[in-house]
Structures are given as C-alpha cells and as structure tokens.
Amino acid sequence: MRRIPWVIKYRPKKLDDVVDQETAKEVLIPWIKSWLKGAVPEKRAALLYGPPGCGKTSTIEAIANEFGLELVEMNASDYRRKEDLDRIARVAALQKSITGRGRLILLDEVDGISGTADVGALETILDIIRGTKNPIVMTANDPWDPKLRPLREVVLLVEFKRLSKTDIKKVLKNICLNEKVSCDEDALDFLAERAEGDLRSGINDLEAVVEGYGKLSLEAIKNLLRQRDREYEPFEVVRKIFISKYAWQAKQAAQQTDLTPDELIQWINENLPRQISDPEDLWRSYEALSKADVYMGRIVKTGNWDLLAYATDLMTAGVSLSIVNDIKSKYRWVKYTFPQKVLLMAKTREVRQVREDLASIIARHLNISRSTAKSDVIPYLRVIFNSNPEVAAKISIGLNLSEDMIRYLSQSNASKIIEIMNKLKSVRGGTGEVKKTKQSRSEGDVKSVKTKGGALDKFFK
Ligand SMILES: Nc1ncnc2c1ncn2[C@@H]1O[C@H](COP(=O)(O)OP(=O)(O)O)[C@@H](O)[C@H]1O
Ligand SMILES: [Mg+2]
C-alpha cells in the first residue's frame with residue numbers, strides 16, 4: 001500500500017523539529033514575538049535565504065503552527081499577475097485576521113520572479129511591505145540576484161545554512177528507525193554525502209531505495225542508481241530511434257524513456273524533418289508516425305490498451321525503417337529541438353490553473369502548504385499516476401479530482417484511470433461520471449472532497 005511521501009510525513013511540525021538552523025531561529029523568533037505583542041518592528045518583512053531543502057519553508061510552517069498563526073501563502077507561479085498579489089497578499093497584509101488570530105504572510109521562492117515576465121511584481125511586493133500590518137516572510141535560494149536588490153534593502157535577512165552531512169545522516173537514520181527498515185551505516189553515509197546538504201533529496205532517495213528494495217544497503221542504492229542511469233534523455237531516445245538498423249533496436253530505445261507515448265510522438269514529429277531530407281523517406285516515416293497517432297487517439301477513446309503495442313511499433317520501428325532512400329541521413333548529427341506543442345502546453349494559463357487547483361485540494365487534505373503540495377506531493381502523484389492506474393483511480397475518487405487534473409497528472413494513463421474510476425463507482429453504487437469540467441473552488445466542492453475521502457484514507461495511512 002502506498003503511503004504519504006516521507007518528505008511530507010517527516011516535515012517539521014514544531015520549531016524544535018527543524019534540524020540545525022539555530023542562528024536563523026534566534027533571529028526569527030524574537031521578530032515574530034514583537035509582532036505578536038502588537039508592535040510593528042522596523043523591518044516589516046524577512047527574507048529567508050539558503051540552498052534548497054535546508055528547511056526554509058518548513059521553518060515558516062512550523063512557526064505558524066507553533067504560534068497559532070494563520071498562514072497566507074503565495075508561490076512563484078502566483079507572482080505572474082499583479083492582480084493576484086493585490087487580491088491575496090495585499091488584502092492579507094492590510095487587514096487583521098477576522099478570527100483574531102495573528103496572521104503570517106509567506107511569499108515563497110521570490111527569486112522565481114522573473115525580471116521581464118513579471119513586470120511590476122517586485123514593486124507590488126515592496127509596496128505591500130511598506131504598508132503591512134502583519135509579518136511578511138519570503139524565501140529565496142539566491143538573495144544576491146541583482147533584481148532582488150531593492151527588496152534586500154528593506155528586509156530582515158535571515159541566512160539558512162546548507163545542512164551538514166552529519167545532520168542529514170541523523171535524520172535519515174531516524175526515519176529508518178521509525179519505519180522499521182534495516183539500514184547499513186555505509187549506505188546512510190553514501191546517501192547523506194550524495195544529498196549535498198539538500199535534505200529533501202536525501203529523504204526522497206531514501207524512500208526510493210526502501211520502496212524498491214525493502215531495506216537500505218549500499219547494494220540496493222547502487223542497483224537503483226544503475227536503473228536510473230538507464231533512462232535516456234528525450235534527445236537521445238529520438239536519435240536512437242532514427243539510427244536503429246533493426247526494429248528491436250528502435251523499440252528498445254522507446255522503452256528507455258519516461259516520456260509518455262504522446263510526448264514521444266511529439267518529439268519525433270518535431271525532429272523528423274531535421275534528420276531526414278529525402279522527401280520519399282520523409283513521407284513514409286510521417287505516414288508511420290501519423291498511424292501511431294491515430295492508434296493513440298483510439299486508445300484514449302476506447303481505453304483499449306492492447307493497441308499500445310502497435311502504436312509503439314509504428315512510432316519507433318515504423319519510423320526508422322521507413323528511411324531507405326537516403327540511409328546516410330540517419331547518421332548525420334543534427335541539433336534537435338524541444339517539441340513546440342509541449343512548450344505551448346506548459347505555458348498556457350489553463351494548465352497552470354489546473355495545477356493550482358490541484359495543489360489547493362492536496363494542501364487542504366494533507367494540511368500542508370500549497371507550495372509544498374506543488375514541490376513535494378504533485379511529483380510523487382505523477383509517478384503513481386504514470387505507473388499504477390488502479391491506485392491512481394482510487395486516489396482520484398478520494399480527492400474528487402477533475403478530468404483535467406487527472407490528465408495533468410498523467411497524460412498517457414488518464415483515460416484508463418477514468419475508466420477504472422467509473423467502474424469502481426458503479427460497483428460502489430455511486431452515481432455520476434467523472435467531471436469533465438474544471439474543479440470549481442467553491443465551498444460545496446471542498447466539503448465533498450472531505451467526505452468522500454474513503455479511498456484516500458487508506459492511501460494516506
Ligand atoms: N532543517 C530541517 N529540519 C528538518 N527537516 C528538514 C530540514 N530541512 C529540510 N527538511 C526536510 O526536507 C523537506 C523540504 O524542506 P523545505 O523546508 O521545504 O526546504 P526549503 O529550504 O527548500 O524550503 C521537508 O519536508 C523536511 O522533511
Ligand atoms: Mg521551500
């Protein structure tokens with residue numbers, strides 16, 4: 001049974017749970033306390049800076065927990081629109097909380113603000129800081145970025161240190177003890193060294209090894225790393241498909257990627273005309289590719305996954321064996337490019353909105369911040385959704401996810417997941433199919449998310 005990811009399970013709940021970072025705590029605690037006494041300190045905002053995975057965001061969450069503060073947070077993707085900053089951060093900054101509780105405003109990863117795309121975001125933040133009645137805390141990896149200079153001048157700078165190997169080892173060992181998995185000292189050493197001060201990646205590595213091998217040993221780690229190394233970059237996969245002499249080579253190349261079949265089609269589609277110049281070769285290989293695309297469409301429509309083998313054959317062997325007139329062109333070195341369609345998708349507002357809504361649902365459910373949902377839970381869900389449609393379907397029912405969200409988590413498995421969901425629902429006597437439209441953020445939905453948590457309770461035990 002899947003569990004809650006360890007980076008979430010072992011997130012600090014109190015300040016004492018935050019390992020090391022004593023100097024940072026010594027600065028932050030009195031600053032927060034002076035706010036709580038009703039004073040407005042000279043610096044109305046603090047900027048917590050330091051390398052990734054050393055406890056910046058979790059320290060702020062722990063402070064909010066420990067002092068009973070209402071946490072209002074925004075994340076890098078929210079800064080794009082000035083209206084959002086005004087609507088969320090400015091409103092929260094100017095009003096005292098209605099509940100009478102204190103309020104803490106977190107602007108996470110402000111170095112993610114781009115100088116050009118988010119014109120006005122920094123000025124807006126500066127302006128909000130000037131008038132705020134509540135403490136504002138920001139985080140950044142690199143505070144010396146020139147664009148952050150005006151910000152640097154008005155904030156309390158709080159340094160977070162890269163965690164030491166000893167500290168990381170200690171945390172990893174504790175997790176092993178708590179999870180009752182056996183761990184070898186040399187394996188712990190290896191993981192702690194590899195983490196390079198980033199506890200998030202240390203914990204994730206540990207979980208991956210334990211999940212795969214049931215224990216932590218050097219051998220298990222090496223096995224896992226070897227497996228990871230076998231995954232090729234998209235560019236390499238496309239190249240391998242083109243230069244294959246035999247069908248099996250082309251098919252094998254496709255297995256060594258974590259691209260979905262749809263994505264792989266797009267990669268080939270984008271780069272085929274760069275590699276192949278003979279018009280007849282090009283025509284034949286496009287024929288094969290478009291047939292693969294038709295099969296993929298049929299799979300998505302009907303949920304018949306037996307067709308996937310044909311689609312894969314066509315997009316790999318079908319394409320590479322179509323090149324016969326000008327064989328030499330296969331071996332030419334050309335620079336490949338990223339598929340435009342993928343680029344476009346990643347950019348659209350809609351996709352971002354789906355991600356935001358998804359993060360809100362997860363955050364509510366696990367009682368974590370939205371930024372943590374985005375950085376630590378969504379990637380984990382992606383792995384599950386791409387690898388195990390059954391479990392994915394149960395989670396989707398438990399969280400009441402919309403079709404868009406499911407598609408966001410796994411483009412290739414989405415139809416399969418939805419089909420399983422509908423089956424599960426009819427078995428349980430439930431009504432209604434999966435919602436086609438976007439999840440609305442209304443309170444009604446929030447409630448239904450909470451009460452339908454049956455499947456998820458099992459999942460997140
Ligand atoms: N100082 C720390 N003490 C305890 N756990 C930590 C610490 N730093 C990182 N972690 C672990 O790593 C994960 C990521 O930490 P986070 O605070 O989000 O890092 P960041 O500095 O990137 O904001 C947390 O969920 C927690 O499990
Ligand atoms: Mg963070």
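Note that ligands are numbered from 1 as they come in the structure, with each ligand's atoms numbered from 1 the same way.
Each of the following atoms of ligand 1 lies closer than 4.0 Å to a heavy atom of Tyr10: 27 (O). Interface of Val18 with ligand 1, defined as ligand atoms under 4.0 Å from a residue heavy atom, comprises 1 (N), 3 (N). Heavy-atom contacts of Pro52 reach the following atoms of ligand 1: 22 (O) (cutoff under 4.0 Å).
Distances from the Mg ion (ligand 2) under 2.8 Å pick out these protein N/O/S atoms: Thr57 OG1.
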- Between Arg149 and Glu153, is a salt bridge (charged side-chain N to carboxylate O under 4.0 Å, His left out) present by the stated rule, with each step listed? CA-CA 7 Å; Arg149 205 175 119 198; Glu153 284 163 0; 3.7 Å; yes

- May I have the step-by-step check of salt bridge (charged side-chain N to carboxylate O under 4.0 Å, His left out) for Asp127 and Arg90, ending in yes or no? CA-CA 9 Å; Asp127 192 51; Arg90 192 187 295 275; 2.9 Å; yes

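With 3.5 Å as the limit, one finds no donor-acceptor pair spanning the side chains of Glu73 and Thr57. Residues Glu61 and Asn65 have side chains that never bring a donor and an acceptor to within less than 3.5 angstrom of each other. In the model, Asn178 has a side-chain atom that pairs as donor or acceptor with a side-chain atom of Tyr10 under 3.5 Å.
Residue Asp17 places a heavy atom under 4.0 Å from ligand 1. Ligand 1 is never approached by Asp20 to a heavy-atom distance shorter than 4.0 Å. Using a non-hydrogen distance threshold of 4.0 Å, Thr139 does not register as a contact of ligand 1.
Nearest non-hydrogen protein atom to atom 26 (C) of ligand 1 is Pro12 CD, 4.0 Å. When only non-hydrogen protein atoms are considered, atom 2 (C) of ligand 1 lies nearest to Val19 N, 3.6 Å.
On a distance-only criterion, Cys54 and ligand 1 share at least one N/O pair closer than 3.5 Å. Considering backbone and side-chain atoms together, Val7 places an N or O closer than 3.5 Å to an N or O of ligand 1. Considering both main-chain and side-chain atoms, Arg200 comes within under 3.5 Å of ligand 1 through a nitrogen or oxygen pair. Between Arg11 and ligand 1, at least one N/O pair is under 3.5 Å apart.
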Side-chain donor-acceptor pairs under 3.5 Å in residues 180-188, sequence neighbours left out?
{"unit_1": "Glu185", "atom_1": "OE1", "unit_2": "Lys173", "atom_2": "NZ", "d": "3.4"}
{"unit_1": "Glu185", "atom_1": "OE2", "unit_2": "Lys169", "atom_2": "NZ", "d": "3.1"}

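The residue among Ala140, Ser371, Pro51, Gly53 with a heavy atom at the shortest distance from atom 20 (P) of ligand 1 is Gly53. One option in Ile168, Leu199, Leu48 has a heavy atom closer to atom 10 (N) of ligand 1 than any other, and that option is Leu199.
In terms of the salt bridge (charged side-chain N to carboxylate O under 4.0 Å, His left out) criterion, Glu26 has no residue partners (sequence neighbours excluded). Scanning for ring-ring contact (aromatic ring centres under 6.0 Å, His included) contacts around Phe235 gives Trp267, with sequence neighbours left out.
The shortest side-chain heavy-atom distance between Lys43 and Val155 does not fall under the 4.5 Å cut-off. Looking only at side-chain heavy atoms (C-beta outward), Lys374 and Ser371 stay at 4.5 Å or farther from each other.
With rounding to the nearest 0.5 angstrom, the CZ atom of Arg152 is 9.0 Å from the CG atom of Leu47.
By the 4.0 Å N-to-carboxylate-O rule, Lys161 lies too far from Asp20 to be salt-bridged with it.
Shortest non-hydrogen contact noted between Ala373 and Ala359 is CB-O, 3.7 Å.
Contacts of Ser58 with ligand 1, taken as heavy-atom pairs under 4.0 Å, involve both backbone and side chain.
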